[in-house]
Amino acid sequence: MAEKLTYLCFFLLLLYRVKPQDDARPLLDEFSGGFSAAGNNMSLDGVAGVDNNGVLRVTDFSANSLGHGFYSNPIQFKNSSGEVMSFSTSFAFAIIPQPGIQGGDGMAFAISPVKGIPGGDSGSYIGLFNATNNGNSSNHILAVEFDTFNNVQYGEPDGNHIAIDINSISSTKSTPVMQFKGNDTNGIPLNLTSGQVIQAWIDYNSPTNQLDIRLSTDSAKPTSVLLSSKVNLSEILNESMYIGFSAATGLAASSHCILGWSFNVNGDAKSLNLAQLPKLQLPTTASTGTKKNRRGLIVGVSVSCALAVILLTASSFYVVRRKKMADVVEDWEHDIVPHRLPYEELNKATRGFKEKELIGSGGFGRVYKGILPNSGTQVAVKRISQHSKQGLQEFVSEVASIGRLRHRNLVQLVGWCRRQSDLLLVYDFMPNGSLDKYLFDEQPKTILSWEQRFRIIKGVASGLLYLHEEWEQVVVHRDIKAGNVLLDSEFNARLSDFGLAKLYEHGSNPSTTRVVGTLGYMAPELTRTSKPTTRSDVFAFGALLLEVVCGRRPINPTASSEELILLVDCVWENWTVGAVLDVVDPRMEGKFDEDEALLVLKLGLICSNYEAEARPTMRLVVRYLEGELALQEEVVVPNKRKGDGVGLTVEFEDYSQSIPTTSSVYDVYGRSAVGR
Ligand SMILES: *[C@@H]1O[C@H](CO)[C@@H](O)[C@H](O)[C@H]1NC(C)=O
Ligand SMILES: *[C@@H]1O[C@H](CO)[C@@H](O)[C@H](O)[C@H]1NC(C)=O
Ligand SMILES: *[C@@H]1O[C@H](CO)[C@@H](O)[C@H](O)[C@H]1NC(C)=O
Ligand SMILES: *[C@@H]1O[C@H](CO)[C@@H](O)[C@H](O)[C@H]1NC(C)=O
Ligand SMILES: *[C@@H]1O[C@H](CO)[C@@H](O)[C@H](O)[C@H]1NC(C)=O
Ligand SMILES: *[C@@H]1O[C@H](CO)[C@@H](O)[C@H](O)[C@H]1NC(C)=O
Ligand SMILES: *[C@@H]1O[C@H](CO)[C@@H](O)[C@H](O)[C@H]1NC(C)=O
Ligand SMILES: *[C@@H]1O[C@H](CO)[C@@H](O)[C@H](O)[C@H]1NC(C)=O
């Protein structure tokens, strides 16, 4: 109560200070000429900063980062009768893409109940939301986003749009970016990531509930509205709110700059005179040199100049690199999305690829732990060697495409590098290693509890669903197994090595058909068709489900002929005699949720069906796991396997011919048995 009173007094004081009889009462115009003088009244977090010229740089070129720049004082949005008042804001911004890389994620003007949006995530959440709170009406966040990345999973139209977000990154309304000039009614296409200074006007009219957004590269407010929507903000905004900017980068980065800002309640905000704004400087790059020593070299340049400099730097960057480091860079590579890292940096990060830093090795190469010298981030560097020159271009574009996959249950590819015949892939480091260690080691570091196991299962399912159905292309993982499920610091599951199997083929002789996969996880139809499908991934996922519950490998190669070789048979046998819970990993000492364990075992059996068509899709699997659909007892049908012609032993031998038996070596970053 006392707090509210203080705010109210503060507000009244402000109104008083700015002459109440004046129609256009600029509640906040101290930033209309930039942020330098007023830096103290902005509260910044993440990578946000105000540069010497007075430009608020919400993000720089660092990958996977975010920044917030909020006005430090709260703003009163409701009047004494509790109704939302009209408000208006205008600001000038510029989005400068990192040289040679397409776009970052975008930025937003946001109204939030707390300063700076503490729970916001980088990447596609652009610092506003996270996977947990996205869509929750308790967020009380209204944002207008300037989105430069096409997130198909949120139904976005393209990688250059503006939208209204209410409590969720899935926008209520969006439109491709256009600008209008003066009284013109014809829109002119506008590129957000062109580095131009763009002015935006956002006006909310409370009697009509109308929210209008305009854009122009001029100082004058255009008549035509670009995006207009009716929204009743009374339930969304609290009485006292904070206003500011949020921006984020993912694999690709852009520097999101705000050059000037004005805001007003119950009156129009002052339009900014673009000629009087601070000049943009070339931002620092995360991958070249530390912030400090780069800042010293920077010269103030105008926007057009800045772009010229960017191009120049980019080209000299590559020329120098080509000579000095002998990285092989070809023209088409310049357009590739994921961060291309200098070889020197990776060499330094892994201390010259020292044996001591080796954390795994397998079919695809060796994996080293490293610390990037500039940012200090821990990474896993996978070194893939012996590539034939043929197919290299496909290889790299494939890297680019898998690099654009983003999901909380996928290990993020943060960069790559090519030198001679080596290809280096750089991933987020997963401190808890791979799932198989916890399931199959005689003496694992920790025994995973049921809660952890169930969360891991749901995580893998969600990641796989994204690969199969939620991305722009269908991605078949082809090598789902415990060794390819990595665990982050909180034991959340992250799938690794997606797309790699396919990548590997690009470098191989096309006349030999490779059967890719791992014994025990390979769907039976693969030996017939050698065509991996989403259904064969589901088969492998089924094997994984059973393993996680039972704590055993899908095959037991040392089993005597009377013992059951396949885990699925063992579970099925117990199922038929009504004692399926007997297979649950005894190391949990009976501490598990019986309903959940039963659900997972049933799902495991269904997914392991020998008939590909009888297996559920990942979307169904996720719905079962989330309890949205109940799994009927009769769904579990026996596998047609024994004595029906599709002989287990025959296929087993088929596998062992095409794949070296590898059960003894399981490593941190996934060993893929690739038939050679
Ligand atoms: C911060 O805001 C207050 C109130 O609007 C203003 O009086 C003060 O000058 C501002 N401080 C700075 C450093 O600009
Ligand atoms: C509060 O705002 C609403 C909508 O603008 C208006 O109708 C009402 O009269 C205002 N109440 C007061 C006490 O100013
Ligand atoms: C915003 O308002 C809602 C309900 O009106 C309340 O539950 C919530 O705590 C408020 N948030 C803040 C940060 O004051
Ligand atoms: C998501 O954001 C909320 C704040 O809205 C925060 O409490 C929560 O910890 C965040 N969750 C994650 C997983 O970051
Ligand atoms: C929304 O967030 C609140 C508070 O963080 C939480 O109690 C509630 O369960 C969440 N609702 C949903 C549907 O996730
Ligand atoms: C736009 O129209 C208004 C009134 O119709 C007029 O006053 C103004 O001068 C026009 N602006 C331009 C740039 O033509
Ligand atoms: C926008 O401009 C950037 C940088 O000049 C360019 O890379 C990109 O292709 C442009 N996007 C569109 C949609 O024209
Ligand atoms: C907005 O919604 C609230 C209730 O949710 C209602 O009381 C109010 O009249 C609405 N305002 C307008 C302008 O429609």
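Both ligands and their constituent atoms are indexed starting at 1 by order of listing. All values derive from a computational prediction rather than experimental measurement.
Partners of Phe70 according to the ring-ring contact (aromatic ring centres under 6.0 Å, His included) rule, which considers only residues two or more places apart in sequence or in another chain, do not exist here. Met178 pairs by the side-chain contact (heavy atoms from CB on, under 4.5 Å) definition with Pro189, Leu226, not counting sequence neighbours. Partners of Arg623 according to the side-chain contact (heavy atoms from CB on, under 4.5 Å) rule, which considers only residues two or more places apart in sequence or in another chain, are Glu628, Leu629.
Residue Asn191 approaches ligand 7 through these ligand atoms, each under 4.0 Å from one of its heavy atoms: 1 (C), 2 (O), 3 (C), 8 (C), 10 (C), 11 (N), 12 (C), 14 (O). Close approach of ligand 3 to Asn238 (heavy-atom distance below 4.0 Å) involves ligand atoms 1 (C), 2 (O), 3 (C), 8 (C), 10 (C), 11 (N), 12 (C), 14 (O).
Using cut-offs of 30° and 60° for the angle between ring planes, the Phe87 and Phe77 rings count as perpendicular.
Remark: the Ser240 side chain and the Asn238 side chain contain no N/O donor-acceptor pair separated by less than 3.5 Å. For Tyr242 and Asn73, the side-chain atoms include no donor-acceptor pair closer than 3.5 Å.
Within 4.0 Å of ligand 4, heavy atoms belong to protein residues Gly119, Asn130, Thr132, Asn133.
Taking the six-membered ring where the residue is Trp, the centroids of Phe245 and Phe91 are separated by under 6.0 Å.
Heavy atoms of Thr193 found under 4.0 angstrom from ligand 7 belong to the backbone as well as the side chain.
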